[in-house]
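Hydrogens, waters and symmetry mates are skipped; everything else that's a heavy atom, side chains included, is used. Please read these numbers as outputs of a predicted model, since none were measured by experiment.
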Amino acid sequence: MKRIHKERDRLLRRLARIAGLTGVLGTFACMFIPGASTTLEFALVVLLSLAAAVLVVVHSLHGGVAAALGVVAAALGTVAVLGSAPVVDPVASAAISLASAVTAPSVAISLVVRRGGAPLVGGLAALFVIAIGLIAVAGHPMTTVVLATVAGWAVGAALGSVVDHAISGAAERIGEVGRAHEAERLASELESRQRQDARVLHDTVLATLSLLAHSGVGVGSEALRQQAGDDARLLKQLRLGASLDNASNAIFSPDSDEDLLSTTFESVRQRFARMGLDVNWHGVGQLALPRETLDALLGALGECLENVRRHSGVNEADVTVSDDDRTVRAMVTDAGNGFEPESIGAARLGYAESVVGRLTTVGGRARIFSSPGSGTTVMLEVPKP
């Protein structure tokens with residue numbers, strides 16, 4: 001918001017500079033018309049015009065009341081010099097109008113938005129009207145000049161107020177958009193965290209409960225005990241409000257800080273070996289990936305192997321890892337029962353979230369090749385950094 005106010009002030013000062021210099025140039029030009037003034041009046045008005053021009057530029061660059069008052073004083077000097085002549089030439093009257101209705105009121109554009117600016121602008125406008133009124137009392141008809149002066153100050157103050165109101169309205173709308181965007185971002189992050197938590201719970205706690213529901217067929221009691229202990233720690237983290245992302249890393253990744261696929265794949269292999277599924281690894285030995293991409297690939301790979309263990313009817317699977325310049329691929333193959341890929345419902349959490357959902361978040365994808373009685377192959381792909 002402060003930046004918007006600074007830009008507003010800069011814009012108003014720029015408008016004030018354009019208006020002020022226009023009035024100065026107009027007054028300056030009138031002085032060169034023959035008969036408009038005496039030599040002394042010409043010299044004084046030229047000096048006052050140059051001073052007003054300099055002060056207008058200073059005010060437009062730095063703001064402040066002092067420079068603005070200097071502009072007003074220079075314009076008042078012009079009015080006093082030309083209005084004090086015994087006879088006021090029509091051209092001199094035009095110069096007075098430019099000084100009082102354009103040059104001086106230009107500062108009202110920027111002053112009116114300052115704290116206490118409106119009374120200040122009103123006082124300066126009244127000062128000009130009084131000065132011109134004194135000239136009129138001295139015998140010079142100044143009705144047109146007075147009207148022009150009042151109109152100039154009114155227009156200057158109104159212009160500054162309108163621009164300020166418009167910018168304030170725009171700033172408020174920008175703030176509303178920003179708040180809406182922030183709320184949307186927080187909601188998106190919350191949904192993403194909830195989806196990630198659901199994936200982790202599906203891959204761990206629900207998998208263990210499924211084993212227990214089937215009396216742990218094909219899985220040793222020690223493996224069940226270890227898996228249940230891991231799940232208990234996971235649930236404790238959840239109860240304490242901790243993120244489940246780190247829990248996912250703990251299950252599928254080693255304690256080492258290095259993102260080496262050979263090491264982390266080995267941890268997955270050992271986990272499923274305890275669960276009664278032998279996993280044969282082929283292909284790339286070591287390959288570095290960013291932590292987020294690695295976790296997504298390992299999570300999807302773990303879910304594919306869990307599906308092999310639970311549904312294929314065999315106790316052996318092959319994982320082949322390959323890569324090229326842009327993509328890492330992990331192919332999970334089993335010679336089990338197979339199925340029709342079209343039979344997988346879109347609402348099934350295991351495949352839709354734990355496999356496809358994980359890979360999609362890092363720009364990857366998954367493809368299934370299977371048919372009844374012919375085994376299953378799942379191709380997992382993630383991009384390289």
Problem set entry | Sub-4.5 Å side-chain heavy-atom contact between S161 and V112 | yes
For this session: Show the numbers, then the answer: is there a salt bridge (charged side-chain N to carboxylate O under 4.0 Å, His left out) between E182 and R179?
Result: CA-CA 5 Å; E182 180 67 13; R179 289 189 292 272; over 6 Å; no
Problem set entry | Over 12 foreign heavy atoms within 6.0 Å of CZ, R185 | yes
For this session: Please step through side chain to side chain contact (heavy atoms under 4.5 Å, CB included) for the pair H311 and F339, ending with a clear verdict.
Result: CA-CA 10 Å; H311 304 299; F339 61 95; over 6 Å; no
Exercise. Between L98 and C30, is a side chain to side chain contact (heavy atoms under 4.5 Å, CB included) present by the stated rule, with each step listed?
Worked result: CA-CA 10 Å; L98 289 170; C30 289; 4.1 Å; yes
For this session: Identify the two heavy atoms, one from S93 and one from V145, that lie closest to each other, and give their separation to 0.1 Å.
Result: OG-CG2, 3.6 Å
Exercise. Considering all heavy atoms of both residues, which atom of V314 and which atom of A335 are nearest to each other, and what is their separation?
Worked result: CG1-O, 4.0 Å
Problem set entry | Same apolar cluster (I L V M F W Y, side chains within < 4.5 Å links), L120/W153 | yes
For this session: For salt bridge (charged side-chain N to carboxylate O under 4.0 Å, His left out), just list the numbers for R358 and E303, CA-CA rounded to whole Å, side-chain angles, deciding distance to a tenth of an Å, and then say yes or no.
Result: CA-CA 10 Å; R358 272 195 173 103; E303 176 61 19; 6.0 Å; no
Problem set entry | Note: D323-K384 ion pair, threshold 4.0 Å (strictly below) | yes
Exercise. Quick check: does any side chain N or O of D278 sit under 3.5 Å from a backbone N or O of E316, one acting as donor and the other as acceptor?
Worked result: no
For this session: Go through the side-chain N and O atoms of D318 and H282 and say whether any donor and acceptor fall under 3.5 Å apart.
Result: yes
Exercise. Can you hop from V45 to L50 via hydrophobic side chains spaced under 4.5 Å?
Worked result: yes
Problem set entry | Minimum-distance pair of heavy atoms, taken over all atoms of L297 and L380 | CD1-CB, 4.1 Å
Exercise. For the residue pair T376 and G338, what are the closest heavy atoms and their distance?
Worked result: OG1-CA, 3.6 Å
Exercise. Going hydrophobic residue to hydrophobic residue with side-chain gaps under 4.5 angstrom, can you get from V91 over to V81?
Worked result: no
Problem set entry | Under 3.5 Å: donor-acceptor pair, side chain of D9, backbone of S110 | no
Problem set entry | Full working for side chain to side chain contact (heavy atoms under 4.5 Å, CB included) between S100 and V79 | CA-CA 7 Å; S100 59; V79 172; 4.2 Å; yes
Exercise. Got more than 12 heavy atoms from elsewhere within 6.0 Å of CD, E292?
Worked result: no
For this session: Check the surroundings of atom CD in E184: do more than 12 heavy atoms from other residues, nucleotides or ligands lie under 6.0 Å from it?
Result: no
For this session: Taking all non-hydrogen atoms of both residues into account, name the closest pair between V378 and C304 and its distance.
Result: CG1-SG, 3.8 Å
Exercise. For the hydrophobic clusters of this structure (ILVMFWY residues joined by side-chain heavy atoms under 4.5 Å, transitively), does one cluster hold both V102 and L48?
Worked result: no
For this session: Decide yes or no for L82 and M31: does some side-chain heavy atom of the first lie under 4.5 Å from some side-chain heavy atom of the second?
Result: yes
For this session: Considering only NZ, NE, NH1 and NH2 on the basic side and carboxylate oxygens on the acidic side, decide whether R173 and E176 come within less than 4.0 Å.
Result: no
Exercise. Is the backbone N or O of E340 less than 3.5 Å from a side-chain atom of S370, with the two atoms forming a donor-acceptor pair by type?
Worked result: no
Exercise. Which heavy atom in A16 sits nearest to a heavy atom in S106, and how many Å separate them?
Worked result: CB-O, 3.2 Å
Problem set entry | ring pair (Phe, Tyr, Trp, His ring centres under 6.0 Å) contacts touching residues 40-83 (sequence neighbours left out) | F32-F42
Exercise. Is there a chain of hydrophobic side chains (I, L, V, M, F, W, Y, each step under 4.5 Å between heavy atoms) that links L44 to V24?
Worked result: no
